[in-house]
Amino acid sequence: MIDIRLIRKDPDLVRENIKKKFQFEKLPLVDEVIELDAKYREAKLRSDNLRSERNTISKQIGTLMREGKREEAEKIKSQIGKMAKQLEESERLEKEYFEKVQEIMLQIPNIIDDTVPIGKDDSENVEVERFGEPVVPDFEIPYHVDIMERLDGIDLDSSRKTSGSGFYYLKGNIARLHSAVLSYARDFMIDKGFTYYIPPFMIRGNVVSGVMSFTEMENMMYKIEGEDLYLIGTSEHSMIGKFIDTILDEESLPQTLTSYSPCFRKEVGAHGIEERGVYRIHQFEKQEMVVVCKPEDSKAWFDKLWQYAVEFFRSLDIPVRVLECCSGDLADLKVKSVDVEAWSPRQQKYFEVGSCSNLGDAQARRLGIRIKGKDGNYFAHTLNNTVVAPPRMLIAFLENNLNKDGTIRIPEPLRIYMGGKEFIG
RNA sequence: GGAGAAGUACCCAAGCAGGUCGAAGGGGACGGUUUGCUAAACCGUUAGGUCAGGUAACUGGCGCAAGAGUUCGAAUCUCUUCUUCUCCGCCA
């Protein structure tokens, strides 16, 4: 959510930004919200004045009552009726306009960074950089489920029986590998100076509606029956939720956090659970990074965050590339975003394994995350990025570390988490 | 899950038979006096947040866990929710 004062001051900037995102249908919203905002402020001023008047009269009544002049007080009281009606009407309008303004403000996209490439949709995303040589081996790489099954590491028949599609049993060395990757990711981020968190895996409805839009909520979140609780879709929900309506000291920034959680997603919508395997599933685990910082620091943090993810994958010998979201593909809340994609030797293309976002102050404004400054408070900037999310990440891992003989090489950093094994299979 | 008690500003805490209460009193923090320095003592300052109006000084609204209600008027009364503490029950 952007500052409505920006729209008052520089509506053309906001319009240009909407054009850059190819959301031409939203252009009329700017004038609409300017008009509604004017009406809101008019109604608020009227209400404020009426309330002020009422407060004065109430005080007079109080004084009279204390002096025992009951009759005079009653006289004034009887006159107050008209005003009460006016106030009621004015407050109704104030509320109505306020809500309309809010509704539109939620639809107006955040101002994107100057460096964001202009493009209509994901086909126009831009490759920023490649890391590592995308190798195509001279033997056939099986589908990841087949690799896992050959290693006796996955049981999809059982999970279909117990839970349906989109779930899995991992077992044996593959399950261990899964945990090893997460443990390594945790320690990797701790070494970068991040504070490790295990957050709540369920959050209340008001937190959910704070951190995402209604449609996202419908398409992603599992609700606990009979409770005002939802299973989190990512630990970012809990981690950002923890900052709602707080004022942070400047000295406490930047907050650099790395959180682990299982993630639960309904995956209703464009890409449902359509494919056998662990690429798109209802349940996975993820190590995440979250940064809350001063506005002037967010650009630098953005670059650091995606570079950490790249470094992590490279340390496991997985080639990656960084793909920048073009203006049209960027979610409305984001200032800038890149996807980290891992190389799939089987498909001979890159696929998404993480997403790094700078939300500027939009998320903070919406949630009331402020910084106590010397000259008043201001909104923080928030960023988040995936460190790693297995089991999807295991697809890249298995394909890139598969030997011709069917064994899987364990890269050096993982070995201490795998009982010293140099390979499995 | 059951039964009680409570949530007031940075912290502790008064107010709760509705009206000079935006809120006593401490403590802390900050500034000053004294002092070679520190401590102590004394004097003083510090109410957060947010919205609106105004070029500005400033003015006004909201605000005593959150929300709703009663009332001319609510920290104070009613209801709902949340949180904390104590006891009982249950449980990794």
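Throughout, a chain's letter reflects where its sequence line sits, starting with A, and its residues are numbered from 1.
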Per atom distances to the Ile247(A) side chain, the nearest of G49(B), G22(B), C62(B) is G49(B)
query = Say you pick atom C1' in A23(B) and the same atom in A74(B); how far apart are they, in whole Å?
reply = 13 Å
Rounded to whole Å, the CZ-P distance (Phe98(A) to U50(B)) equals 14 Å
Does G60(B) have its OP1 or OP2 closer than 4.0 Å to a side-chain nitrogen or oxygen of Arg54(A)?
no
Roughly how many Å apart are G7(B) and A65(B), using the P atom of each and rounding to a whole number?
8 Å
Report task. Assess whether salt bridge (charged side-chain N to carboxylate O under 4.0 Å, His left out) is satisfied between Asp31(A) and Arg15(A), documenting all intermediate values. Result -> CA-CA 10 Å; Asp31(A) 287 323; Arg15(A) 283 193 200 96; 2.9 Å; yes
**Any Arg41(A) side-chain N or O less than 4.0 Å from OP1/OP2 of G53(B)** = yes
query: Would you say the side-chain atoms of Tyr222(A) and His282(A) include a donor-acceptor pair closer than 3.5 Å?
result: yes
Please measure how far the C1' atom in G61(B) lies from the corresponding atom in C79(B), and state the result in whole Å. 26 Å
Per atom distances to the Lys59(A) side chain, the nearest of G22(B), G61(B), C72(B) is G22(B)
ask   = Counting only N and O atoms by type, is there a donor-acceptor contact under 3.5 Å from the side chain of Ser357(A) to the main-chain atoms of Ser337(A)?
value = no
Can you tell me how far C1' in G48(B) sits from the matching atom in G54(B), rounded to whole Å? 24 Å
Looking across every strand, which nucleic acid part, if any, lies under 4.0 Å from Asp228(A) by heavy atom: base, sugar-phosphate, or nothing?
nothing
Whichever of Arg5(A) and Ser52(A) has the more 5' nearest nucleotide on RNA chain B, that residue is Arg5(A)
Item to complete: State whether the distance check finds a donor on one side and an acceptor on the other, under 3.5 Å, for side chain Asp48(A) versus base G61(B).
Response: no
Rounded to whole Å, CZ of Arg8(A) lies from C1' of C51(B) at a distance of 10 Å
Glu53(A) CD to G73(B) P, in whole Å, measures 13 Å
- Message: Roughly how many Å apart are A68(B) and C62(B), using the P atom of each and rounding to a whole number?
- Response: 14 Å
For this session: Kindly determine whether Ser235(A) and Glu288(A) satisfy side-chain hydrogen bond (donor to acceptor under 3.5 Å, both in side chains), including the steps that lead there.
Result: CA-CA 7 Å; Ser235(A) 57; Glu288(A) 180 83 358; 5.2 Å; no
query = Taking only side-chain nitrogens and oxygens of Asn377(A), does any of them come within less than 4.0 Å of OP1 or OP2 of U50(B)?
reply = yes
**Asked** For Gln107(A), does the CD atom have more than 12 heavy-atom neighbours from other residues, nucleotides or ligands under 6.0 Å away?
**Response** yes
Leu50(A) atom CG is separated from C72(B) atom P, nearest whole Å, by 16 Å
Winner on side-chain proximity to Leu45(A), out of G61(B), A52(B), G73(B), is A52(B)
For Ile57(A), report the nucleic acid contact type (base, sugar-phosphate, nothing); a contact means any heavy atom under 4.0 Å.
nothing
Taken to the nearest whole Å, CD/Gln102(A) to P/C51(B) is 11 Å
Closest to the 5' end of RNA chain B, once Lys372(A) and Ile80(A) are matched to their nearest nucleotides, is Lys372(A)
Nearest heavy-atom approach of Met105(A) to Val33(A) is SD-CG2, 4.0 Å
Plane angle bin for Trp301(A) and Phe194(A) - parallel if under 30°, tilted between 30 and 60°, otherwise perpendicular | perpendicular
The Watson-Crick or G-U wobble partner of G31(B), with both key distances under 3.5 Å, is C43(B)
key: Short side-chain N/O contact from Arg46(A) to OP1 or OP2 of G53(B), under 4.0 Å   = no
Answer for the Watson-Crick or wobble partner of A3(B), both distances under 3.5 Å, is U86(B)
* Below 6.0 angstrom between ring centroids: does that apply to Phe312(A) and Tyr184(A)? -> yes
Whole-Å distance, Arg365(A) CZ to U50(B) P, equals 12 Å
Taken to the nearest whole Å, OH/Tyr97(A) to C1'/A52(B) is 17 Å
Re A75(B): Watson-Crick or G-U wobble partner, both distances kept under 3.5 Å, found to be none
Here the distance between atom P of A52(B) and atom NZ of Lys44(A), to the nearest Å, is 7 Å
query = When rounded to the nearest Å, what value does the distance between C1' atoms of G18(B) and U76(B) take?
reply = 6 Å
I'd like the P distance from A75(B) over to A57(B), given in whole Å. 29 Å
The Watson-Crick or G-U wobble partner of G18(B), with both key distances under 3.5 Å, is none
Among the nucleotides C72(B), A52(B), U83(B), whichever has the atom closest to the side chain of Arg204(A) is U83(B)
Determine the Euclidean distance between corresponding C1' atoms of A29(B) and C82(B); express it in Å to zero decimal places. 32 Å
Answer for the Watson-Crick or wobble partner of A56(B), both distances under 3.5 Å, is none
*asked:* When you measure from the side-chain N and O atoms of Asn206(A) to the phosphate of U81(B), is any distance below 4.0 Å, counting only OP1 and OP2?
replied: no
Q: Examine G61(B): is either OP1 or OP2 under 4.0 Å from a nitrogen or oxygen in the side chain of Asn49(A)? Give yes or no.
A: no
